[in-house]
Amino acid sequence: MHVLRTILRPGWIALGVVVVAFAVACFTLLAPWQLGKNSDTERRNDLIRTATSLETEPLAEVAPASTFDPSSEWREIEVTGAYLTEQQALVRLRNVGQRPAVEVLTPFAVAGSDRVILVNRGFVRPEEGAVPDIPAPPGGEQTIRARIRAAESVSADRGARTENGALTVATINPGLVAAATSVPMDDFYLQLSPDQPGSLGEISLPQLDTGPYLSYGLQWLAFGVMAPLGVLYFLTTEIRARRRAAAAAREADAQPVAAGADTGGSEADAGTPRSAPVPPTGSRAHRRQHMRDELRAASRTTVTHQVGQIGHGPDADDESRDVRDKLSRRYGG
């Protein structure tokens, strides 16, 4: 019952609710988030390793349809067609080599078909308050090599807009550019390989490392376990401290009672009542003990009454002796 009263205190209840919520978040949100990023990175690295180990193949063999096949990402393909410079778009707020960059997206019409694929030609450095100088791609039919990439996600508040006379987007998404230019495009885009017709600043392949996501995920799992254990440790410590304090109080109450019992036995043997020691006031236990000692001392006190024998008057000799003593004291006899 004492343990239950300690646990049901408002402070411990509030702390328990917070810790349980934190542990649930660690196991259901934070750890899966980091572990999921680690899985995605490992999958991407596997695709890059596989793609770089294969030879370049025609677009019709790797991606015969306009829909995106995730297993074909990072594969290098070769395609012939022409750049549609009039529908070009710029990707703002990019970072290449830890420096600001603007990536250039130019649609590419595939020869012999009605397919149009968005091509990321590379990057240029931005110019403050103006559209950067972007070299135009070569006109006419060109054969290029590029790697297949999945479309990036689109935020509802970050759509296409025109800045300084140029179409700009926040992410590389063929559907977004197609809606802005009214030109249907394939679901994926192409990352132009180095030294190709129309290529700009090279965007290198990602480094093949998994990053810190696995360690972060394990840390969140550890936090989810350690938080309840920490609360349990502090709760156990407080319960033990309260038990020790209660035991010490009971021991302090028992010691004066034992001392009073020993004193009472000695007084009974000697026949002389003694006043019980007055404990210091200030606590309920001490006041109760003081009252018990006073009652014990009062019970040992005897009152002697001199009572004459029933049916007999006072002793005549004693009365005469008293009279003579009084007369002698008064008249000096």
State, without any angle test, whether [X] and [Y] hold a side-chain donor-acceptor pair at a distance under 3.5 Å.
{"X": "Glu78", "Y": "Thr56", "answer": "no"}
{"X": "Thr143", "Y": "Thr80", "answer": "yes"}
{"X": "Asn173", "Y": "Thr171", "answer": "no"}

What closest approach, in Å, do [X] and [Y] show between heavy atoms, and which atom pair accounts for it?
{"X": "Trp220", "Y": "Gln34", "value": "CD1-CG, 3.9 Å"}
{"X": "Val131", "Y": "Ala166", "value": "CG2-CB, 4.0 Å"}
{"X": "Ala178", "Y": "Pro184", "value": "CB-CA, 4.4 Å"}
{"X": "Pro32", "Y": "Cys26", "value": "CD-O, 3.8 Å"}
{"X": "Leu118", "Y": "Pro107", "value": "CD1-N, 4.0 Å"}

Next on the checklist: If you count heavy atoms of other groups shown closer than 6.0 angstrom to OH of Tyr216, is the number above 12?
Outcome noted: no
Checklist entry - More than 12 non-hydrogen atoms from neighbouring residues, nucleotides or ligands closer than 6.0 Å to CG on Asp209, yes or no? => result yes
Next on the checklist: Please list all pairs meeting side-chain hydrogen bond (donor to acceptor under 3.5 Å, both in side chains) that have one or both residues in residues 175-190, counting only residues at least two apart or in different chains.
Outcome noted: Arg115-Asp186
Next on the checklist: Between Phe188 and Arg149, is the side-chain contact (heavy atoms from CB on, under 4.5 Å) condition met? List the steps.
Outcome noted: CA-CA 6 Å; Phe188 56 90; Arg149 295 295 314 276; over 6 Å; no
[atom1]-[atom2] distance between [X] and [Y], expressed to the nearest 0.5 angstrom:
{"X": "Leu176", "Y": "Met185", "atom1": "CG", "atom2": "CE", "result": "10.0 Å"}
{"X": "Arg147", "Y": "Leu47", "atom1": "CZ", "atom2": "CG", "result": "12.0 Å"}
{"X": "Glu61", "Y": "Ser72", "atom1": "CD", "atom2": "OG", "result": "13.5 Å"}
{"X": "Leu59", "Y": "Ile144", "atom1": "CG", "atom2": "CD1", "result": "9.5 Å"}
{"X": "Glu76", "Y": "Ile148", "atom1": "CD", "atom2": "CD1", "result": "10.5 Å"}
{"X": "Gln87", "Y": "Phe108", "atom1": "CD", "atom2": "CZ", "result": "14.0 Å"}

Next on the checklist: Assess the residue pair Phe22 and Phe223 against the criterion (side-chain contact (heavy atoms from CB on, under 4.5 Å)); give the C-alpha distance rounded to whole Å, side-chain angles, the decisive distance to 0.1 Å, and a yes or no.
Outcome noted: CA-CA 9 Å; Phe22 175 73; Phe223 292 156; 4.0 Å; yes
Any donor-acceptor pair under 3.5 Å linking the side chain of [X] with the backbone of [Y]?
{"X": "Thr168", "Y": "Thr162", "value": "no"}
{"X": "Ser39", "Y": "Leu35", "value": "yes"}
{"X": "Glu152", "Y": "Ile172", "value": "yes"}
{"X": "Tyr83", "Y": "Pro197", "value": "yes"}
{"X": "Arg121", "Y": "Gly198", "value": "yes"}
{"X": "Gln98", "Y": "Asn95", "value": "no"}

Item to check | side-chain contact (heavy atoms from CB on, under 4.5 Å) assessment of Leu200 paired with Ile134 | outcome: CA-CA 9 Å; Leu200 300 173; Ile134 302 173; 4.2 Å; yes
Using the rule that Ile, Leu, Val, Met, Phe, Trp and Tyr join whenever any side-chain heavy atoms are under 4.5 Å apart, tell me whether [X] and [Y] fall into a single cluster.
{"X": "Ile117", "Y": "Val62", "value": "yes"}
{"X": "Ile203", "Y": "Val104", "value": "no"}
{"X": "Leu221", "Y": "Leu214", "value": "yes"}
{"X": "Trp74", "Y": "Leu208", "value": "yes"}
{"X": "Leu167", "Y": "Leu105", "value": "no"}

Next on the checklist: Assess whether a salt bridge exists between Glu73 and Arg75, defined as any Lys/Arg side-chain N lying under 4.0 Å from an Asp/Glu carboxylate O.
Outcome noted: no
Checklist entry - Taking it one step at a time, do Phe234 and Leu229 satisfy side-chain contact (heavy atoms from CB on, under 4.5 Å)? => result CA-CA 9 Å; Phe234 288 116; Leu229 291 180; over 6 Å; no
Checklist outcome for this item: The salt bridge (Lys or Arg N to Asp or Glu O under 4.0 Å) partner of Asp46 among Arg43, Arg44, Arg49 is Arg49
